[in-house]
J.: 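Please read through the structure below; I'll follow up with questions.
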Amino acid sequence: MPRPQKCRRVAFLPNVTYFKPVGIPLRVLEEIQLSVEEAEAIRLKDVEGLEQKQAAEKMNISRPTFQRVLTSSRRKIADALLNGKAIKIKGGKFEMAFSRFRCLSGHEWEVPFETMIAAPPVLCPVCNTSNVMPLQPVESFALGRGRPGHHGRRHGGMNNVPNRQQ
Ligand SMILES: [Zn+2]
């Protein structure tokens, strides 16, 4: 009997989710889809430089599973890079390591997963209003509609080529 697949825990949603090689006409351009957890595995191991054990723990999965996700991720990225394919980061089976909340006045903040489970926030940390609600960018992100409701939040790490460039 196949075990039900556990959700991989992800702490990062990339701002840019599409990479396209220069000079390849769209009609012949092949596209590779990288899941959000595959992107996270690469980030933890190759960008953050974590040991496999730590990275697996962060994603709440076993080391063999992490290794599998990482290998798949590296293979896809290498294929795209060397064979001139586009990469789309989209979908997968994951949960966020934190949730984002917003108050009625528009303040936004993040609550770690562990805190969420223990005690979801009831007050805005900035203005103390109790009119707070969770934001759920994850589902629409997984469906490939981009990430709504995020303003001025920058992540460092990966360089990228905007997909408008050609
Ligand atoms: Zn507030």
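Indexing begins at 1, ligand by ligand and atom by atom, following the structure's order.
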J.: Could you give the side-chain donor-acceptor pairs of residues 74-82 under 3.5 Å, partners two or more places apart or in another chain?
T.:
residue: Arg74; atom: NE; partner: Asp46; partner atom: OD2; Å: 3.2
residue: Arg74; atom: NH2; partner: Asp46; partner atom: OD1; Å: 2.7
residue: Arg74; atom: NH2; partner: Asp46; partner atom: OD2; Å: 3.4
residue: Lys76; atom: NZ; partner: Gln33; partner atom: O; Å: 2.8
residue: Lys76; atom: NZ; partner: Glu38; partner atom: OE1; Å: 2.9
residue: Lys76; atom: NZ; partner: Glu38; partner atom: OE2; Å: 3.2
residue: Asp79; atom: OD1; partner: Asn83; partner atom: ND2; Å: 2.5
residue: Asp79; atom: OD1; partner: Lys85; partner atom: NZ; Å: 3.3
residue: Asp79; atom: OD2; partner: Lys85; partner atom: NZ; Å: 3.0

J.: Measure across Trp109 and Cys124 and return the closest heavy-atom pair with its distance rounded to 0.1 Å.
T.: CH2-CA, 3.7 Å
J.: Is there side-chain contact between Glu30 and Ile24, with heavy atoms separated by less than 4.5 Å?
T.: no
J.: Just the protein N/O/S atoms under 2.8 Å from the Zn ion (ligand 1), please, no waters.
T.: Cys103 SG, His107 ND1, Cys124 SG, Cys127 SG
J.: For a quick test of reading the model, state the closest non-hydrogen atom pair linking Pro14 to Ile89 and the distance between them.
T.: CG-CD1, 3.9 Å
J.: So does Gly92 get a backbone contact from the side chain of Glu37, meaning a donor-acceptor N/O pair under 3.5 Å?
T.: no
J.: For a quick test of reading the model, state the closest non-hydrogen atom pair linking Met96 to Phe12 and the distance between them.
T.: CE-N, 4.1 Å
